[in-house]
Amino acid sequence: MRIGELAARAGMTKDTIRFYEKIGLVTGERLANGYRDFPPETVAWLQYVRTAQALGFSLAEIAEHGEELREAEDTAEALSALFEEKIRVVDARMTQLAALRAELEARVGTGCPLRAAEPAG
């Protein structure tokens, strides 16, 4: 299928698909006339990419793990492992953000926000 039809079916722009092709997330065969021709399963892959992005995965992570998932004997088990790892990353980031919030809150009303905070006590 050509890029315009793929874009319409996947609900994204041709520019997005071209970008994904440039970074290696999708591949299309070049026809003699220069048009791109994508296999039908590219639509499902692009929907997976969109869902994975919404779940907080970067394009690099999607590209890396996409190959793993295609080769996994048990896709559900492989996905669960990826989700569990992402949960650990999110939890760590939430801890960092809570510490940052506490630091910012401690500096409110202290004058220069760059001055080291007074130790509590």
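- Residues Ile17 and Arg36 are not in side-chain contact: their nearest non-hydrogen atoms beyond the backbone lie 4.5 Å or more apart.
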Working note: Leu25 + Leu46, criterion side chain to side chain contact (heavy atoms under 4.5 Å, CB included); need CA distance, chi angles, decisive distance, verdict. CA-CA 9 Å; Leu25 271 179; Leu46 290 173; over 6 Å; no
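- With respect to Phe38, the side chain to side chain contact (heavy atoms under 4.5 Å, CB included) criterion is satisfied by exactly one of Glu5, Glu21, Arg2: Glu21.
- Here the straight-line distance linking atom CG of Leu6 with atom NZ of Lys14 works out to 11.5 Å at 0.5 Å rounding.
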Would Phe19 and Asp15 count as a side chain to side chain contact (heavy atoms under 4.5 Å, CB included) if you check the C-alpha gap in whole Å, the side-chain angles of each, and the deciding distance to 0.1 Å? CA-CA 6 Å; Phe19 175 72; Asp15 286 339; over 6 Å; no
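- Taking OH of Tyr48 as the reference point, atom CD of Gln53 lies at 11.0 Å (rounded to 0.5 Å).
- Glu103 CD to Arg107 CZ: the interatomic distance, rounded to the nearest 0.5 Å, is 4.5 Å.
- Classification of the Phe57-His65 ring pair by plane angle, with boundaries at 30° and 60°, yields perpendicular.
- Atom OG1 in Thr95 sits 12.5 Å away from atom CG in Leu100 (nearest 0.5 Å).
- Atoms CD and CD1, on Glu64 and Ile62 in that order, are 11.5 Å from each other to the nearest 0.5 Å.
- Inter-residue side-chain proximity for Tyr35 and Ile3 is flagged as unmet; no heavy-atom pair is nearer than 4.5 Å.
- Around atom CZ of Arg101, no more than 12 heavy atoms belonging to other residues, nucleotides or ligands sit under 6.0 Å away.
- Cluster membership check: Leu97 does not share its hydrophobic cluster with Val89, using side-chain heavy-atom separations under 4.5 Å among Ile, Leu, Val, Met, Phe, Trp and Tyr.
- From Gln47, atom CD reaches atom OG1 of Thr42 across 11.0 Å, with rounding to the nearest 0.5 Å.
- The hydrophobic clustering, which links ILVMFWY residues whose side-chain heavy atoms are closer than 4.5 Å, places Leu55 and Val90 apart.
- Environment of CD in Glu41: crowded, with over 12 heavy atoms of neighbouring residues, nucleotides or ligands closer than 6.0 Å.
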